[in-house]
Amino acid sequence: MNLSYTDSASRTSEFPHPKMSADSMEIDDSLYSRQRYVLGDSAMQQMAQSSVFLSGMGGLGVEIAKNIVLAGVKVLTLHDTKQCETWDLGSNFFLRQDDVLTQRNRALAVHPRVAELNPYVHVDTSSSSLDLSTDLSFLKRYQCVILTEARLSLQKKINDFCHFHQPPIRFIGCDAYGICVRVFCDFGDQFEVSDPTGEEAKEMFIQNITQGNPGVVTCMDSRTHGLQTGQSVLFREVNGMDTLNGTARQVTVLSPYSFTVGDTSCLQPYAHGGFFLLVKTPRTYSFETMEQQLSQPQVLTPDFSKPEAPLQIHAAMLALDAFQEQHNRLPNIGCCQDAEVLVKLTEEVNHTLTTRAPVNSELVRCLSRTAQGFLPPLSAAVGGIASQEVLKALTGKFAPLQQWFYLDAIEVVKPLQSLSAEEFSPRGDRYDGLRVCIGETMCLELHKLRVFMVGCGAIGCEMLKNFALLGVGLAKSSGEVCVTDPDLIEKSNLNRQFLFRSQHIQKPKSTTAAVATLEINPEMQVDAHLNKVCPATEGVYNDLFYSRLHLVVTALDNVEARRYVDSRSVSNQKALLDSGTMGTKGHTEIIVPNLTESYNSHRDPPEEEIPFCTLKSFPAVIEHTIQWARDKFESAFAHKPTIYNMFWQTHSSAEAVLQRMQQRETLEGAFQVVKLLSRRPSQWDHCIILARLKFDKYFKRKALQLLHSFPLDTRLKDGSLFWQSPKRPPSPIEFDLKDSLHFSFVVSAARLYAEIYNIPYSEKDLSQEAVSRMLSEITVPEYRPAEKRIETDENVKKPDQMKLSVSSEEEREAIAQLEEAISADHVTPERLRMSPRMFEKDDDLNGHMDFVAAASSLRARMYSIEVADRLKTKRIAGKIIPAIATATAAVAGLVSLELVKVVGGYGFESFNNCFFNLAIPVMVLTEAAPVKRTQIREDISFSIWDRWTVWGHQHFSLSDFINAVLLHYGIEPTMVLTVLYYRCIMG
């Protein structure tokens, strides 16, 4: 992969030639791991060989620059002809006061800060004129051209040049004017997409396939197939109708659980087993030029409660373009005359459109009033969306936007229309662009805001950026942003968490982000903590702490933490802004006291657990073998050593333990601990032996025992075969040192045993020669089948090994082992300690992933399951959530728009929740969920937000409480479950 490091020292030329490199490097997984799970390696490689031209370094342009540099393009040219102004500080997070004082060119000013985001991307600059007379031949050097802050006439000219060039240069035009934003995409006449959705193909097991025309396929256990008519599926491991195997058939959906696959009448009858996979089919998209699209635009509709809005904004923004052509300026702030001119122009433009909607005069007037202004969260949201389109243009991964995206924030400014023009007038500071949109009073409210943000990862960094541009929590106004996160910065964070740099690795996220935020806006007050927010820290984050806040923001990556923060917010009557991403998908949820439901008001269905017997004996898909390997790691190298240490901390004398065991006293975990002590290796070659014996146990003896207990011809009571889909019969694996997977398992397991038992080893000890020599001397005991019950019930849970009953024979064996250890002087303080290993997926040198990958792959081989590569194994074993900066920027921008509405005290109808998937692309804005009220009687009801306060005294009894409720509310309590809040008033 071409990911060349280049010196990003500032260099400016007329239009610089993108620097090319023949150097080939592998993808830096330590940096890009989360993004690789979103885009895949092929797309990453294409992106890393691509050059991009980006014009306009205002707020929207720098947002796009940030996102695509983090993603890892090869070359990015930043173009701008304007000088830095104070106004820019409120929209461009990479400009500083010194840049304004020295009147630097905006591209030159942001260049070093953009360049340091990713050392693998070469960033250069240009400040040359780009207008209708410019020779555009320099654009041939680029694969994608992005224009921001460009007049429509220039956009059309450059789009035509890009569209008709061979091969086509992908073109994206982006504009942000006050409350309205737009994105236009043109990727040429024929743009092939390799994977329109990016969804991973799942193996679906088959219950039955009929012989007929058409043949009907039914999914096992009424699982939903998720297919659409016209898609194709690939069949594998079908018994009976086995000519289907390896063939792809187009489907016609009959129900969520069944579909037809054409004529199967001439095939052999279906017997059993088999599964199918969705076949990913490349798709070709055709684009028109901007000129062709103006009168009959293809638009994406984000808000179905306003289906005509995209076409209305289309007409209004085209009219705004015409206004600029006629007057060589934007409408004046608060000028009613300009607003009416723009309304008339919109009506004229709308009349020329083939596809149109009624003119929305209110929207046009709001656009006119705010056109000179800037809403940073709106640009962050559309910047994330546009950036994802850039990545699609470069890689052919995911369905492109066809061809216009429009979004407005009229709900933010609609309640402010009655304010005087003075409210929106510039005052010569960094907030002028924002003030144009929301007025001085709202700006002051944002300055006074006291916010508690929980989490400072990718979303947290984006939220802090938005807070800085909005002027949230200024010191001079007694505002504050309090942020807490216990985590330290890792290299993989740098791909999305843009406030961090390589020199910050292993430093706290919260304090580092706080310093970076103050560089964007030095006027803020940021208080950084290193605490988790959980019951254990309620002494810090108590009711008094919450009473000082205005709202709470979550930037978390797990549901349980969200639920806890939500419960604290509800109990303290504080608004909560929640958001999250998974790959290209994102959601926002707005929780407002007395208006909306809380996060805890709804629950997602629980994650489906893999049955214990499936993991232990009957894996069917690769996810089962990976989870099994992860469980083996956890048990052998984390859980058992931890139990061992805890046991000997509780029972410090081995002699005393022996005496109690001899007296038949039950000591929890004693049997397992004594077994570990008696088998404890003391030198490196013992670790190799232990690892080799584990290989035999896991991959040979387990298979032999299963086949002994359930021979291949075993049948169930109904006469059907025991070994049929999804059950797969295992095949024992004979150890072969020449097999790299066998070697990897033994070495990685031996390393981990050495580490938990504190046994030193050298690099030489890990060599093929040294390990081979030791293995050649090992004698593996011959397998003898045991008569033991193997669990087949999928409803049975995994037993607690520490609480399993121990037979008298096992007791005697454990006593003998402990006696022997004591007599041999093997019970020393050193031997009563182990060093547990917590699974760390991102360190490729620790051997953790080596063990899990080897163990999973060997088990997959044993059960004839297709082996997963290391990358997929790491994602599943490490429970990694795929992530990309584009979605993070979009989700943080959308939720920050809602923050303004919360601060303004807007009504319920103003708030929006959002779900989006940038891959498809789709965005759905919906009303927040209204709070539910429970009616007690005609005049009394309550919701989760209501609090009934009964004032008591020092000797207030339960009877007094019941009488007080009866007196004040006319209700007689019949049961008191718990006292939530009790306060004595001393006389």
Quick check: closest heavy atoms across [X] and [Y], and the distance to 0.1 Å?
X	Y	result
Met241	Thr210	CE-O, 3.9 Å
Asp29	Leu871	OD1-CD1, 3.5 Å
Val796	Phe612	O-CB, 3.5 Å
Gln211	Thr264	CA-OG1, 3.6 Å
Leu737	Gln768	O-NE2, 3.6 Å
His225	Ser258	NE2-O, 3.3 Å

Atom pair [atom1]/[atom2] of [X] and [Y] - distance to nearest 0.5 Å:
X	Y	atom1	atom2	result
Lys841	Ile880	NZ	CD1	5.5 Å
Phe745	Arg692	CZ	CZ	10.0 Å
Asp844	Ser33	CG	OG	9.5 Å
Leu227	Cys219	CG	SG	7.0 Å
Ser731	Leu707	OG	CG	7.5 Å
Asp850	Arg751	CG	CZ	6.5 Å

Whether over 12 other heavy atoms sit under 6.0 Å from [X] [atom1]:
X	atom1	result
Glu763	CD	no
Glu840	CD	yes
Gln683	CD	yes
Met774	CE	yes
Glu609	CD	no
Lys727	NZ	yes
Glu734	CD	no

Please tell me whether [X] and [Y] have a donor and an acceptor in their side chains that are separated by less than 3.5 angstrom.
X	Y	result
Asn645	Thr642	no
Thr625	Ser856	yes
Glu560	Asn558	no
Ser709	Gln705	yes

Would you call [X] and [Y] a salt bridge, using N to O less than 4.0 angstrom?
X	Y	result
Asp842	Arg34	yes
Glu782	Arg784	no
Lys616	Glu791	no
Arg861	Asp739	yes
Glu634	Arg630	yes
Lys798	Asp631	no

Main-chain N/O of [Y] paired to [X] side chain as donor or acceptor, under 3.5 Å:
X	Y	answer
Arg562	Leu556	yes
Ser748	Ser744	yes
Lys874	Ala853	no
Ser857	Ala854	no
Trp684	Ser762	no
Ser635	Lys632	no
Asn600	Arg563	yes
Tyr761	Ala754	no
Arg728	Ala620	yes

Check whether the ring centres of Phe722 and Phe618 lie less than 6.0 Å apart, and answer yes or no.
-> yes
Is the centre of the Phe637 ring less than 6.0 Å from the centre of the Tyr753 ring?
-> yes
Can you check whether [X] reaches [Y] side chain to side chain, under 4.5 Å on heavy atoms?
X	Y	value
Phe839	Val852	yes
Val657	Met661	yes
Gln672	Lys640	no
Glu866	Ile622	no
Tyr698	Trp628	yes
Arg680	Arg831	yes
Val216	Phe259	no
Asn239	Gln724	no

Are Phe235 and Phe275 close enough, and set up right, to give a ring pair (Phe, Tyr, Trp, His ring centres under 6.0 Å), and what steps lead you there?
-> CA-CA 6 Å; Phe235 288 94; Phe275 62 88; 9.6 Å; no
Full working for side-chain contact (heavy atoms from CB on, under 4.5 Å) between Ser617 and Lys702 = CA-CA 8 Å; Ser617 304; Lys702 176 68 177 179; 3.2 Å; yes
Under the side-chain contact (heavy atoms from CB on, under 4.5 Å) criterion, do Phe205 and Asp221 qualify, and how do the steps go?
-> CA-CA 9 Å; Phe205 288 98; Asp221 299 330; over 6 Å; no
Residue pair Phe735, Asp696: steps toward the side-chain contact (heavy atoms from CB on, under 4.5 Å) verdict | CA-CA 7 Å; Phe735 182 78; Asp696 208 61; 5.7 Å; no
For Phe695 and Val780, run side-chain contact (heavy atoms from CB on, under 4.5 Å): C-alpha distance rounded to whole Å, both residues' side-chain angles, the deciding distance at 0.1 Å, then the answer.
-> CA-CA 10 Å; Phe695 180 98; Val780 179; over 6 Å; no
